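Please read all numbers here as calculations on a predicted model, not as lab measurements. Each residue takes its place number in the sequence, starting with 1. Values reported hereafter were calculated over all heavy atoms of this structure, with side chains retained and with hydrogens, waters and symmetry mates removed.
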Amino acid sequence: LGNEIHKRRDCVAVVFDLGAGTFDISIVKASGNRFEVVATGGEPQLGGTDFNQCAQDKALEVAMTEEYRVPVREDDPLFFQNLQQQIEQLKISLSVQKQGQLAVACKGDLLTMTVTRDQFESWIKGLVERAIDRTQKTLQEAGLQWSDIDEVYAVGGGSMVPLIKRRLEEISGKKVS
């Protein structure tokens with residue numbers, strides 16, 4: 001990231017970092033070989049695992065409406081562990097494909113579900129908006145507007161979700177790297 005900012009020589013960049021456990025936003029000013037953090041913000045209780053949990057809850061809601069027998073968490077922890085892994089894989093596949101599959105064994109039954117990118121994004125939209133709102137607030141707290149920003153970087157595994165990049169591009173008017 002430092003090399004990318006350094007290539008521009010003088011620039012102000014927003015770094016949107018959605019990792020597994022936290023969301024951090026940094027505004028960095030580069031001038032020659034000097035880097036200055038102008039502002040930071042974020043939510044320590046918002047990360048990729050929260051997106052996965054939200055998607056898992058929504059997938060279970062869909063499964064129950066389709067009359068799958070979903071176990072109680074305490075009765076079948078292996079089912080929920082496998083579902084969690086499947087949700088993570090689904091999130092990754094939907095970052096490059098328009099739809100993906102969930103398939104989790106449960107007491108002799110197989111819970112299978114096709115999930116589209118649009119459906120998945122509708123499940124996590126509220127969390128995305130929380131991160132976007134926090135980004136806007138950090139910019140305002142720094143006394144900056146998007147017109148003051150030269151570059152926008154999305155880093156961390158959670159930021160690979162297409163909805164996040166689209167929303168960042170919508171609010172910033174800039175291509176997200």
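Under a 3.5 Å cut-off, the side chain of Asn82 and the backbone N or O of Val104 do not form any donor-acceptor pair. Formation of a donor-acceptor pair under 3.5 Å by the Arg117 side chain with backbone atoms of Leu94 is found in this model. No donor-acceptor pair under 3.5 Å is formed between the side chain of Arg167 and the backbone N or O of Val128. The closest donor-acceptor contact from the side chain of Asp148 to the backbone of Gln145 lies under 3.5 Å. Side-chain atoms of Tyr68 do not come within 3.5 Å of backbone N or O of Asp109 as any donor-acceptor pair. At distances below 3.5 Å, at least one donor-acceptor pair connects side-chain atoms of Ser172 with backbone N or O atoms of Lys174. Put simply, the side chain of Asp50 gets close to the backbone of Gly47: a donor and an acceptor are under 3.5 Å apart.
Hydrophobic clustering keeps Met160 apart from Val14 (ILVMFWY residues linked when any side-chain heavy atoms are closer than 4.5 Å, directly or through intermediates). Placement of Leu127 and Val155 in two distinct hydrophobic clusters is found when ILVMFWY residues are connected by side-chain heavy-atom separations under 4.5 Å, directly or transitively. Phe35 is not connected to Val38 by any chain of hydrophobic side-chain contacts under 4.5 Å among Ile, Leu, Val, Met, Phe, Trp and Tyr, and they are in different clusters.
Minimum interatomic distance between Ile164 and Phe16 (heavy atoms only, all atoms of both residues): CG2-CE2, 3.4 Å. Taking each heavy atom of Thr138 and Gly41 in turn, the nearest pair found is OG1-CA, 3.7 Å. Among all heavy-atom pairs drawn from Leu168 and Ala154, the shortest one is CD1-CB, 4.3 Å. Scanning all heavy atoms of the two residues, the minimum distance from Leu18 to Gly48 falls at CD1-N, 4.3 Å. When every heavy atom of Ile87 is checked against every heavy atom of Ala59, the shortest pair comes out as CD1-CB, 4.2 Å. Of all the heavy atoms in Phe80 and Pro71, the pair that sits closest is CZ-O, 3.3 Å.
Atom CD of Glu141 sits about 11.5 Å away from atom CD1 of Ile25, to the nearest 0.5 Å. Atom CD of Glu88 is separated from atom CG of Leu83 by 12.0 Å, given to the nearest 0.5 angstrom. To the nearest 0.5 Å, atoms CD (Gln99) and CG (Asp118) are separated by 11.0 Å. The NZ atom of Lys91 sits 8.0 Å away from the CD1 atom of Ile124 when rounded to the nearest 0.5 Å.
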Practice task
Begin from the C-alpha positions of Thr114 and Gln101 and carry the test side-chain hydrogen bond (donor to acceptor under 3.5 Å, both in side chains) through to its verdict.
Solution key: CA-CA 5 Å; Thr114 298; Gln101 298 292 320; 2.7 Å; yes
Handout entry: Test side-chain hydrogen bond (donor to acceptor under 3.5 Å, both in side chains) applied to Asn52 and Gln56, step by step
Key = CA-CA 6 Å; Asn52 291 2; Gln56 178 177 308; over 6 Å; no
Practice task
Evaluate the side-chain contact (heavy atoms from CB on, under 4.5 Å) criterion for residues Leu46 and Thr22: first the C-alpha distance (whole Å), next the side-chain angles of each, then the deciding distance (0.1 Å), finally the verdict.
Solution key: CA-CA 5 Å; Leu46 179 63; Thr22 63; over 6 Å; no
Exercise for the section: Could you check Thr116 against Lys98 for side-chain contact (heavy atoms from CB on, under 4.5 Å), going step by step and ending with a plain yes or no? Expected result: CA-CA 6 Å; Thr116 66; Lys98 297 281 185 186; over 6 Å; no
Practice task
For the pair Gln119 and Val62, evaluate side-chain contact (heavy atoms from CB on, under 4.5 Å) and give the outcome as yes or no after the intermediate values.
Solution key: CA-CA 11 Å; Gln119 183 179 21; Val62 171; 4.2 Å; yes
Exercise for the section: For side-chain contact (heavy atoms from CB on, under 4.5 Å), just list the numbers for Phe120 and Leu163, CA-CA rounded to whole Å, side-chain angles, deciding distance to a tenth of an Å, and then say yes or no. Expected result: CA-CA 10 Å; Phe120 184 83; Leu163 177 60; over 6 Å; no
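Comment: Lys175 does not engage Glu151 in a salt bridge, judged by the lack of any side-chain N to carboxylate O separation of less than 4.0 angstrom. We find that Glu169 and Arg166 are not joined by a salt bridge, their nearest charged nitrogen and carboxylate oxygen being 4.0 Å or further apart. Classification of Glu170 and Lys165 as a salt-bridged pair fails, no side-chain N sitting under 4.0 Å from a carboxylate O.
Within a 6.0 Å radius of CD in Gln45, other residues, nucleotides and ligands contribute 12 heavy atoms or fewer. For Glu66, the CD atom is densely surrounded, since the number of other residues' heavy atoms within 6.0 Å is greater than 12.
A donor atom on one side chain and an acceptor atom on the other are found under 3.5 Å apart for Gln53 and Asp57.
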